[in-house]
Amino acid sequence: MTQETAFTHLAPSTLVHWLDTACELTLVDIRDPLSFAQGHIPGSQHLDNTSVAGLLERTPRERPMVVVCYHGHSSQQAANWLAGQGFSDVYSLDGGFTDWAARHPDRVES
């Protein structure tokens, strides 16, 4: 039996559109704290084992959630886990932050 994924892959161009149209979403970055501090997508919040409980408590389950990692691999596992926590609309950013920063250096803040 194969496990069905509960998240959707998200193209960077789609995220640009969502950010440009002020789409209400939750943007989480699961990279290590130093990498996040050195650069992240504006509006994103750092997510790790110490902050996940707060995220689960305060984030509406119906709001779209985009998960960002380094290269778009670890975010798939995290997105699948978050979908299992009841979030209905979860995405993994294809290419991760590395690809995002290369494509959109003007959309990185530190």
Side-chain angles (χ1 to χ4, degrees):
M1 183 187 324
T2 59
Q3 181 177 350
E4 198 173 310
T5 57
F7 69 92
T8 304
H9 290 272
L10 185 69
S13 59
T14 302
L15 181 56
V16 166
H17 174 72
W18 289 355
L19 294 173
D20 285 350
T21 58
C23 176
E24 190 172 334
L25 57 87
T26 301
L27 187 57
V28 296
D29 189 319
I30 63 169
R31 296 174 301 137
D32 70 272
L34 179 59
S35 294
F36 180 80
Q38 290 175 337
H40 53 270
I41 300 170
S44 62
Q45 56 187 302
H46 185 248
L47 182 64
D48 61 14
N49 290 339
T50 59
S51 61
V52 71
L55 177 86
L56 295 175
E57 286 177 17
R58 70 177 181 275
T59 307
R61 296 295 197 267
E62 66 282 353
R63 181 184 298 161
M65 179 177 289
V66 178
V67 184
V68 179
C69 66
Y70 294 98
H71 302 289
H73 302 293
S74 299
S75 58
Q76 295 177 44
Q77 294 172 336
N80 208 39
W81 184 84
L82 287 162
Q85 304 308 303
F87 292 96
S88 59
D89 206 8
V90 184
Y91 301 86
S92 171
L93 182 64
D94 288 342
F97 181 77
T98 302
D99 183 63
W100 177 270
R103 291 174 185 258
H104 307 289
D106 56 321
R107 290 177 176 257
V108 173
E109 71 179 20
S110 53

>> Running the 4.5 Å side-chain criterion over Ile, Leu, Val, Met, Phe, Trp and Tyr, what cluster does Ile41 land in, apart from itself?
In response: Leu10, Leu15, Val16, Trp18, Leu19, Leu25, Leu27, Val66, Val68, Tyr91, Leu93, Phe97, Trp100, Val108
>> Using the side chain to side chain donor-acceptor pair (under 3.5 Å) criterion, which residues pair with Asp20? Sequence neighbours excluded.
In response: Arg107
>> According to side-chain contact (heavy atoms from CB on, under 4.5 Å), who are the partners of Ser13, at least two apart in sequence or on a separate chain?
In response: Ala11
>> Can you list everything that forms a side chain to side chain donor-acceptor pair (under 3.5 Å) with Thr50? Sequence neighbours excluded, please.
In response: Asp48
>> Filter on salt bridge (charged side-chain N to carboxylate O under 4.0 Å, His left out), then keep only pairs touching residues 61-86, sequence neighbours left out; what's left?
In response: Glu24-Arg63
> With sequence neighbours left out, what residues match His104 under side chain to side chain donor-acceptor pair (under 3.5 Å)?
Replying inline: none
>> Looking at Thr98 and Tyr70, would you say the former's side chain and the latter's main chain have a donor-acceptor pair under 3.5 Å?
In response: yes
> Can you name the side-chain contact (heavy atoms from CB on, under 4.5 Å) partners of Gln85, sequence neighbours left out?
Replying inline: Leu56, Trp81, Phe87
>> Going by ring-ring contact (aromatic ring centres under 6.0 Å, His included), name the residues that satisfy it together with Phe36, two or more places apart in sequence or in a different chain.
In response: His40, His46
> For Glu57, what residues pass the side-chain contact (heavy atoms from CB on, under 4.5 Å) criterion, not counting sequence neighbours?
Replying inline: none
>> Can you give me the closest heavy-atom contact between Ser74 and Cys69, atom names plus distance?
In response: N-SG, 3.6 Å
>> Just checking Asn49: does its CG atom have more than 12 heavy atoms from other residues, nucleotides or ligands closer to it than 6.0 angstrom?
In response: no
> Sequence neighbours excluded, which residues qualify as ring-ring contact (aromatic ring centres under 6.0 Å, His included) partners of His73?
Replying inline: none
> Does the pair Thr26 and Leu55 meet the rule for a side-chain contact (heavy atoms from CB on, under 4.5 Å), with working shown?
Replying inline: CA-CA 10 Å; Thr26 301; Leu55 177 86; 4.1 Å; yes
> Do Val52 and Met65 share a hydrophobic cluster, counting only Ile, Leu, Val, Met, Phe, Trp and Tyr and linking them when any side-chain heavy atoms are less than 4.5 Å apart?
Replying inline: yes
> About how many Å separate CD of Gln38 and OG of Ser110, when rounded to the nearest 0.5 Å?
Replying inline: 8.5 Å
>> So, using side chain to side chain donor-acceptor pair (under 3.5 Å) as the criterion, who are the partners of Arg103 when residues are at least two apart?
In response: Asp99
>> Could you work out, with side-chain contact (heavy atoms from CB on, under 4.5 Å) as the rule, every residue matching His17, not counting sequence neighbours?
In response: Thr21
